[in-house]
Amino acid sequence: MVKEYKPGEIEPKWQAKWEADGLYNADINENKKKFYALTMLPYPSGDLHIGHWYAMAPSDARARFKRMQGYNVLFPMGFDAFGLPAENAAISRGIHPQEWTFDNIDRMRVQLRSMGAMIDWRREAVSADPSYYKWTQWFFIQFFNNDLAYRKRSPVDWCPQCNTTLAREQVHGDDRHCERCGTQVIKKDLEQWFFKTTKYADELIDFSQIDWPDRVRTLQTNWVGRSEGADVYFKTEEGAELTVFTTRPDTLWGATFMVLAPEHPLVDAVTTAEQREAVRNYQQEAAGKTEIQRAAADKEKTGVFTGGYAINPVNEARIPIWIADYVMMGYGYGAIMAVPAHDERDFAFARQFGLEIIPVIQPEGENFDGETMAEAYVGPGMMINSAQFNGTQVTDDKGRKNPGLAKVIDWLEAEELGKEAISYKLRDWLISRQRYWGAPIPMVHCAECGWNPVPEEDLPVLLPKDVEWLPTGESPLKLHPTWKETTCPVCGEPGVRETDTMDTFMCSSWYHLRYLSPEYSDGPFDPREYDYWMPVDVYTGGIEHANMHLIYTRFFHKALRDLGITEGHEPMLQLRNQGMVLGEDGEKMSKSRGNVVSPDDLVNQYGADTVRGYLMFFARWDLGGPWNSQGIAGTERWLNRVWNLFTEESEEGEVSPDLIKSVKQTLHAALDRVTRDYERFEFNTIISTLMELLNTLYDAWREGAGNHPEWPGILETYLLMMAPAVPHIAEELWTEVLGKPYSVHNQQWPEVDPELLVKDEITLIIQVNGKLRDRIDVPADISEEEAEKTALTSPGAAPFLEGE
RNA sequence: GGGGCGGUGGCGGAAUUGGCAGACGCAGGGGACUUAAAAUCCCCCGGGUUAAACCGUGUGGGUUCGAGUCCCACCCGCCCUACCA
């Protein structure tokens with residue numbers, strides 16, 4: 001009955017059967033524990049990439065493992081279908097974005113099916129579908145009605161290539177480039193829609209309820225950038241209020257000048273006639289160069305004196321006001337008190353322009369002199385030159401945890417000169433995009449009534465199909481002759497639609513909810529499904545979204561919770577990130593480099609199971625690494641050998657009970673390890689353990705173990721252990737070769753027999769002074785004295801024991 | 001400047017968390033089978049030695065009977081972030 005292993009035949013066969021049987025349909029079942037395994041949905045950019053497989057296939061294997069453990073597992077899939085590449089294709093190739101997108105989705109669905117994943121396709125959701133974006137718009141309106149969305153004019157990042165604004169998170173690198181096209185962004189002053197993500201800043205850095213990687217927690221914590229300190233109310237000499245934020249209120253007495261961001265609104269007022277020209281020039285220079293050079297790392301400090309003065313509220317000192325581009329309008333108040341003695345940047349600035357330096361913190365054994373200090377002192381010490389606070393000790397701690405700081409803050413509050421304050425780097429989320437292929441922002445502007453949301457019964461606000469594509473890349477929505485004309489939902493007079501669309505991260509912030517009930521029309525999701533499936537138990541995907549999608553979706557959930565739409569504080573309990581598959585040359589895969597590995601070709605050549613197995617095996621999943629096209633042969637050989645072991649006639653011979661026992665011990669040790677490794681996302685050692693175990697089984701089989709009555713049971717357990725990783729071959733061998741009832745994927749994950757984990761013989765490792773001298777097999781229940789005696793008399797160790 | 005991750009054979013990587021370093025696989029070498037090749041199977045595969053000793057997990061110290069693993073100091077690579085007051 002020797003059949004050849006032909007993945008090209010068995011894989012499509014089982015995929016079709018599983019689908020026809022609805023094997024992986026996940027329905028509410030109150031008698032079973034649910035498990036929501038979510039993997040990040042792809043953007044339909046063309047073909048499925050090996051990176052998609054790398055992310056999804058091991059996630060699928062783990063979801064299957066959970067299913068075999070008895071969970072009711074939901075493993076859905078969908079498409080993040082709005083976005084700029086579709087529009088670029090439209091401009092360059094004259095294809096409508098919708099056509100381009102949905103054609104790609106059709107192709108990717110086929111490719112995804114070839115993976116043999118346990119996707120419940122009934123739950124597929126596509127964000128560009130009107131039945132989906134209706135609810136994206138609905139969420140916008142909920143936010144607007146509850147003071148979480150607002151419109152504001154502000155300087156925003158603008159990509160001249162993509163012709164749109166970007167969220168702060170989408171601007172990368174030293175040179176402030178657009179994350180998509182790499183073009184340097186410029187600042188534009190525009191009226192845009194924002195979400196109040198900052199309202200949740202503190203909650204977003206609280207990870208106490210979720211099991212997320214340290215790396216992501218750190219990234220998000222840094223991104224939110226919480227600083228504790230105080231606001232201090234300075235005044236200009238003319239009496240205008242000029243508040244600053246500082247983390248070091250203890251150094252207030254050492255403030256010898258003040259620096260405003262060049263764009264600060266008070267600059268004009270404080271600038272004197274003599275300085276006006278210099279200030280203007282500097283402002284223009286700063287605005288022109290913007291971000292690019294302002295961010296340059298080791299840049300020399302530049303700045304201009306305004307001619308104006310501020311009064312330090314703690315000692316009435318009259319200090320000069322400068323403007324300099326090292327102070328950013330976007331953080332704090334865009335104004336700082338400069339304490340050159342205790343801040344490196346202020347120190348550099350003071351030395352550059354010959355400004356006064358007054359030390360106010362002194363560690364023991366030091367005697368600072370502002371004239372001669374070589375660098376700013378930022379450590380702890382005792383307050384000096386600080387009036388009634390002289391002698392107060394300040395530590396390294398931040399905020400009120402630092403007793404010295406707390407004392408100063410209390411005093412500032414008592415005297416009404418300032419107050420405790422917390423500042424964040426996190427900005428509100430800018431969601432307006434000047435693009436066509438996105439969910440229209442469902443707002444109407446009326447000269448009388450201002451901005452108002454489209455009534456719920458008029459949702460969705462549909463994208464018009466008949467649009468013209470201009471090579472300038474300007475949004476065709478804005479240029480459409482009639483689309484924006486409507487009536488004001490409040491007064492009924494003519495109104496104008498918002499022609500901007502929403503950032504696609506808005507769509508992906510809630511797709512895990514749409515999966516629950518993609519057909520549901522009474523709300524964004526069916527509450528019954530929500531109650532059963534949410535929260536997501538494990539979320540897998542790339543780490544590149546740490547400061548974007550993964551912050552947005554947490555914000556979204558918390559905001560919806562406060563609106564009574566969702567429950568619980570977090571959408572995803574556990575997060576695990578895979579690494580990246582690089583090209584064979586060690587570089588990032590790209591068409592231009594010609595180092596792209598196509599999963600379709602690999603599936604044609606080796607079959608999906610081999611590709612899945614190799615993706616789990618070839619690197620640590622969380623690290624990834626360069627593709628090695630030779631290495632896949634090892635996985636191919638493994639599956640061939642598995643096939644042969646199951647299909648070849650047994651060798652002649654009797655086998656000893658000892659051998660069978662030792663095989664079973666190896667089997668259960670492997671089972672123990674594979675079970676543990678699935679829990680830990682350590683996929684590479686799952687495959688290597690299975691390979692190792694196969695080698696053991698083959699050796700035993702050659703000695704005649706195949707004739708032993710326990711042999712079939714051993715093979716069954718081996719198949720069950722393989723099933724999550726390589727589902728097709730496991731099914732074929734289970735159903736067709738072993739003749740067991742369909743389906744292997746409905747079987748229980750085997751239990752480890754603890755008795756088989758106990759070895760009856762162990763190898764005694766004999767070390768003398770830490771060096772290996774001998775190894776002797778002894779019974780596992782050997783007594784301590786016996787072991788000691790064996791060790792001391794061992795032939796290997798004896799020569800090294802002389803003279804001890 | 002700040003933060004994170006990492007450094008183990010020719011390569012990807014193991015090492016049950018302080019106890020046999022290099023599992024498993026790739027590549028390589030040798031052999032069997034074959035007219036031949038492929039496939040398959042067997043053996044070898046860190047350095048060193050006839051064999052041992054000995055050396056060996058980025059470097060230098062330390063703790064320990066014993067360190068890839070813990071502590072201190074440093075070097076290198078990659079990624080993120082950045083004049084954040």
Side-chain angles (χ1 to χ4, degrees), chain A residues 172-174 176 213-219 221-223 225-227 229-230 232 244-249 251 255 258-259 261 291 293-303 324-328 330-339 342-346 348-349 423-426 543-544 546-547 579-580 586 613-614 617-620 622-638 640-641 644 669 672-673 676-677 682 684-695 698 702 757 763-775 796 799-800 804:
Chain A
H172 290 255
D174 284 358
R176 317 291 299 158
D214 285 349
R215 181 123 186 263
V216 174
R217 293 154 58 133
T218 309
L219 282 167
T221 303
N222 291 343
W223 191 257
R226 178 189 159 103
S227 298
V232 185
V244 301
F245 172 76
T246 177
T247 55
R248 293 296 302 274
T251 64
M258 180 161 253
V259 187
E291 304 294 314
Q293 280 151 17
R294 288 179 69 165
D298 45 355
K299 204 191 81 168
E300 254 185 37
K301 292 279 178 290
T302 62
D325 61 11
Y326 81 93
V327 174
M328 304 289 155
Y331 182 78
Y333 295 95
I336 62 161
M337 63 165 199
V339 184
H342 305 293
D343 181 280
E344 284 165 28
R345 292 150 305 172
D346 298 345
F349 194 84
S423 188
Y424 301 91
K425 286 199 270 183
L426 185 71
I543 198 164
E544 66 274 16
N547 288 338
M580 210 193 306
Y614 186 56
F617 177 67
F618 91 101
R620 266 180 56 177
D622 54 337
L623 296 178
W627 179 258
N628 175 357
S629 56
Q630 281 183 324
I632 195 168
T635 311
E636 189 188 24
R637 281 179 202 134
W638 167 52
N640 271 312
R641 274 160 59 81
N644 293 339
D672 191 43
R673 166 137 204 190
R676 188 197 73 193
D677 288 349
E682 290 171 8
N684 56 339
T685 47
I686 290 172
I687 304 297
S688 68
T689 303
L690 289 170
M691 287 175 169
E692 214 174 341
L693 178 56
L694 180 71
N695 293 341
Y698 237 114
R702 284 209 189 85
L757 292 182
T763 305
L764 205 59
I765 302 302
I766 296 156
Q767 291 181 351
V768 181
N769 291 330
K771 287 195 196 297
L772 175 73
R773 295 305 181 190
D774 213 346
R775 52 188 83 179
F800 297 93
E804 292 287 318

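Naming: A, B, ... by sequence-line order, numbering from 1 per chain. Predicted model only: the values in this text are computed from it and were never measured. Values reported hereafter were calculated over all heavy atoms of this structure, with side chains retained and with hydrogens, waters and symmetry mates removed.
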- Task: Between A:E344 and A:G631, just flag the one whose closest nucleotide in RNA chain B comes earlier from the 5' side.
- Result: A:E344
- When the nearest nucleotide of RNA chain B is assigned to A:D677 and to A:D622 on a heavy-atom basis, which residue is associated with the more 5' position? A:D622
Rounded to the nearest angstrom, tell me the gap between atom [atom1] in [X] and atom [atom2] in [N].
X	N	atom1	atom2	result
A:E692	B:G25	CD	P	8 Å
A:Y333	B:C84	OH	C1'	14 Å
A:M580	B:C5	CE	P	18 Å
A:M691	B:A23	CE	P	14 Å
A:Y331	B:C83	OH	P	12 Å
A:L623	B:G7	CG	P	8 Å
A:F618	B:A14	CZ	C1'	17 Å
A:I687	B:G13	CD1	C1'	14 Å

Write down the distance separating the [atom1] atoms in [N] and [M], rounded off to the nearest Å.
N	M	atom1	answer
B:C11	B:G2	P	33 Å
B:A39	B:G4	P	48 Å
B:C78	B:C70	C1'	26 Å
B:G9	B:G28	C1'	13 Å
B:A21	B:C43	P	23 Å
B:U69	B:G6	C1'	15 Å
B:A23	B:C45	P	10 Å
B:A14	B:G7	P	9 Å

For [N], take OP1 and OP2 only and decide whether either is under 4.0 Å from a side-chain N or O of [X].
X	N	result
A:R702	B:C42	yes
A:R637	B:C24	no
A:T689	B:C24	no
A:R673	B:A14	no
A:N628	B:G25	no
A:N222	B:C80	no

Ignoring the backbone of [X], work out which of [options] is nearest its side chain.
X	options	answer
A:L219	B:C80, B:C24, B:C41	B:C80
A:I336	B:A85, B:A23, B:G25	B:A85
A:R345	B:C24, B:A85, B:A14	B:A85
A:W223	B:U81, B:A15, B:A85	B:U81
A:K425	B:A14, B:C84, B:C24	B:C84
A:R215	B:G4, B:C24, B:A27	B:G4
A:T246	B:A85, B:C24, B:C83	B:A85
A:T685	B:G12, B:A15, B:A85	B:A15
A:M328	B:C41, B:A85, B:G13	B:A85

[N] pairs with which nucleotide, Watson-Crick or G-U wobble, both distances below 3.5 Å?
N	value
B:U50	none
B:A27	none
B:C78	B:G4
B:A14	none
B:C70	B:G62

Tell me what [X] touches on the nucleic acid: a base, only sugar-phosphate, or nothing, going by heavy atoms under 4.0 Å.
X	result
A:G303	nothing
A:R217	nothing
A:D346	nothing

- Item | Interatomic distance, A:N547 atom CG to A:T221 atom OG1 [nearest 0.5 angstrom] | 9.5 Å
- Find out whether A:L426 and A:R226 are in side-chain contact, i.e. whether some heavy atom of one side chain is under 4.5 Å from a heavy atom of the other. no
Where [X] and [Y] come nearest, the two heavy atoms and their spacing:
X	Y	result
A:V244	A:M337	CG1-N, 3.9 Å
A:T635	A:G613	CG2-C, 3.8 Å
A:S227	A:Y331	OG-OH, 3.4 Å
A:V216	A:A546	CG1-CB, 4.2 Å

- Note on the structure: chi for B:G9 classified (syn = within 90 degrees of 0, anti otherwise) as syn
- Torsion-based syn/anti label for B:U17, 90° from 0 as limit: syn
- Message: Within the 3.5 Å criterion, strictly below it, is a donor on A:Y326 or A:D346 matched to an acceptor on the partner's side chain?
- Response: yes
- When you look at CD of A:E544, are more than 12 heavy atoms from neighbouring residues, nucleotides or ligands closer to it than 6.0 Å? yes
- Message: Between A:Y614 and A:W638, does the ring pair (Phe, Tyr, Trp, His ring centres under 6.0 Å) criterion hold? Intermediate values first, please.
- Response: CA-CA 10 Å; A:Y614 186 56; A:W638 167 52; over 10 Å; no
